[in-house]
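Working notes for the structure below.
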Amino acid sequence: MAESRTIGVFGAGWVGLVTGGCLAELGHKVIVRDVVPDRVAALQAGRLPFHEPDLPEVLARNSGRIRYTLDADELAGADVLFICVQTPPTYSGDADLSYVWSALDDLPRAERRQLLVMKSTVPVGTGEKVRAALEARSLANVGYVSNPEFLAEGTAVRDFMNPDRIVIGAFAPEDAAFVESLYVGIETPVVQTDVASAEMIKLAANAFLSTRISFINEIANVCELVGADVESVAQGVGLDHRLGPHFFRAGVGWGGSCFGKDVSALKQLAGNSGYHFQLLAAVIEVNELQKRRVIAKLEKHLGRLRGKTIAVLGLAFKPNTDDLRDAPSLVIASRLLAEGAVVRTWDPVADARERLQGATQCDNILETVRGADAAVIVTEWNELRDLASEQVREEMARPLIIDGRNLLDPQATRLAGFAYEGVGRPTSPFEALPEVAEREGAAKPPVRVSGPVEGVRGNREVPPARN
Ligand SMILES: NC(=O)c1ccc[n+]([C@@H]2O[C@H](COP(=O)([O-])OP(=O)(O)OC[C@H]3O[C@@H](n4cnc5c(N)ncnc54)[C@H](O)[C@@H]3O)[C@@H](O)[C@H]2O)c1
């Protein structure tokens, strides 16, 4: 058990609340400060302002050790102040540190030494700048440590309590040791390093994860041209212990609050320092194009999309969160609206009504696909695993499924009477719906229900690589 400390947290978002809740779970006393009155009021009333599995239970279980406030001065008695505010991108693609600076403006004047711990993702060099700013404000009794966070939304509590590593970058070894002591009770390797390297570890990790996905997406795109199946390819490649299976699934591209901004921030950081990070430029471009490939696939089957009804299934950037920040669904739905399609959307928790004006958000899957010319799986929610049902087929005007996450079994889906197209999975060139095939002069082919690699998929017992 860790020695109980008093911990102040700036920011009641995903990282702040998970950090606060989990540190309370480890036995610390926690005060979370946010600047949004509604958010603080909701938390004080026991309501979580967003969807994150297990977090409500952690916060409820530790309610005696955690409180919420708008008043930064209430953090004056804390031993440690965690900065967990947002660092969104600016128009130039650099990280916007204005929320970090405003948190620094709000630092309470404490009698004793406090340690500022940066959990927000910041450019390399931020620690040095913060240290200088603290000195300029005569806050020399405030120490600084970089302790980047690696949790993933949807599994945030589990990730915090069972991390792959804890990274601590400090100017003084005793500060690093103090921060490490807060985590007693969590068994994991601790990487103690300098501040700049800790900042770079976080950016490099997100850049590499994004690179893996853009890489397998490009492989998928080539698979589509040469008749290979990216699911088998990813499995066969991922079983190499040097490569591993994680973050290696083809789809409609990565999104979320972190990848886009962090990859861009690292690319800009390199550029501002005089280095052109070519690989990251390609990683970003591949991802942008990947989202738009869905439109081309729909056109292949439906021709022009003007007036066609498209069901967009799944809006959150990934399952088990209601986070819509940088979600591929927003780009896909916006492109469809721009093409003149009628867009109907569904998500079990995310609400995109404000961001997707012009689209109709429905309450359930059947309502969404009713009368639709195609259904597009954008987020791999569990509820969509049974999409290829008789009921859905009967509700749709045309039984076409574009599976942007390779969630469904192609053969079973085709046998259920749907035209099916995944990502990087073999399709028959004749699989276009009959009226399009006829218009385009294709001879009517015999119906094919399986891809060319069916039967040579290898060991089905090995679970598919999941992101
Ligand atoms: N969300 C993730 O999955 C994740 C994972 C790892 C790291 N990060 C990084 O952590 C940081 C926070 O991300 P998030 O998703 O939790 O952001 P968020 O937008 O969900 O939450 C940030 C919170 O900080 C509050 N805030 C802003 N200024 C403040 C101030 N001066 N004092 C107190 N509160 C203030 C905001 O009102 C908001 O509630 C970002 O840098 C992000 O890149 C995020």
Side-chain angles (χ1 to χ4, degrees), residues 7-22 30-43 48-53 55 68-75 78 81-90 94-108 116-124 126-127 130 146-160 163-167 198-199 201-207 209-210 254-266 316-327 467:
I7 290 172
V9 177
F10 280 86
W14 260 274
V15 171
L17 285 180
V18 172
T19 300
C22 291
V30 177
I31 311 154
V32 179
R33 188 261 178 152
D34 204 286
V35 286
V36 178
D38 285 353
R39 184 158 278 225
V40 173
L43 288 162
L48 190 63
F50 48 80
H51 178 84
E52 181 59 43
L55 188 54
Y68 311 95
T69 182
L70 285 166
D71 183 3
D73 286 341
E74 287 190 33
L75 279 59
L81 298 169
F82 276 90
I83 304 291
C84 304
V85 300
Q86 65 269 50
T87 48
T90 60
D94 295 281
D96 175 1
L97 292 182
S98 59
Y99 298 92
V100 170
W101 296 124
S102 80
L104 290 185
D105 288 340
D106 297 345
L107 285 187
L116 199 68
V117 181
M118 186 62 72
K119 270 225 173 280
S120 295
T121 306
V122 293
V124 181
T126 303
V130 171
S146 166
N147 175 213
E149 181 51 56
F150 298 92
L151 64 80
E153 288 174 25
T155 51
V157 169
R158 195 183 74 199
D159 295 346
F160 192 98
D164 293 332
R165 76 302 209 185
I166 292 170
V167 174
E199 292 166 342
I201 288 170
K202 174 64 192 177
L203 293 176
N206 271 359
L209 290 170
S210 313
W254 41 265
S257 67
C258 292
F259 279 7
K261 79 175 176 64
D262 292 350
V263 175
S264 161
L266 179 53
F317 83 91
K318 65 177 194 173
N320 300 321
T321 180
D322 57 356
D323 199 343
L324 284 165
R325 289 179 284 185
D326 215 3
N467 290 346

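Read the numbers this way: they start at 1 and go in the same order the structure lists the ligands and their atoms. Sequence positions, counted from 1, serve as the residue numbers for this chain.
- For Lys261, the side chain to side chain contact (heavy atoms under 4.5 Å, CB included) criterion is met by Thr87, Pro89, Thr121, not counting sequence neighbours.
- When the options Val35, Val85, Ile83 are ranked by their closest heavy atom to atom 12 (C) of ligand 1, first place goes to Val85.
- Residue contacts with ligand 1 for Ser120 involve both N, CA, C or O and side-chain atoms from C-beta outward (heavy atoms, distance under 4.0 Å).
- For Tyr68, there are no ring-ring contact (aromatic ring centres under 6.0 Å, His included) partners, not counting sequence neighbours.
- Ligand 1 places these atoms under 4.0 Å from at least one heavy atom of Cys84: 12 (C), 22 (C).
- In terms of protein heavy-atom proximity, atom 37 (O) of ligand 1 is nearest to Asp34 OD1, 2.7 Å.
- Of the listed options Glu52, Lys202, Lys261, Met118, Lys261 places a heavy atom closest to atom 43 (O) of ligand 1.
- Scanning all protein heavy atoms for the shortest distance to atom 5 (C) of ligand 1 gives Leu151 O, 3.4 Å.
- Ligand 1 places these atoms under 4.0 Å from at least one heavy atom of Gly13: 16 (O), 18 (P), 20 (O), 21 (O), 23 (C), 39 (O).
- Atoms of ligand 1 lying under 4.0 Å from any heavy atom of Glu149, numbered from 1 in the order shown and given with element: 6 (C), 7 (C).
- Residue Ala152 places no heavy atom under 4.0 Å from ligand 1.
- Distances below 4.0 Å separate heavy atoms of Gly11 from the following atoms of ligand 1: 23 (C), 24 (O), 25 (C), 33 (C), 34 (N).
- There is no side-chain donor-acceptor pair under 3.5 Å between Thr69 and Asp71.
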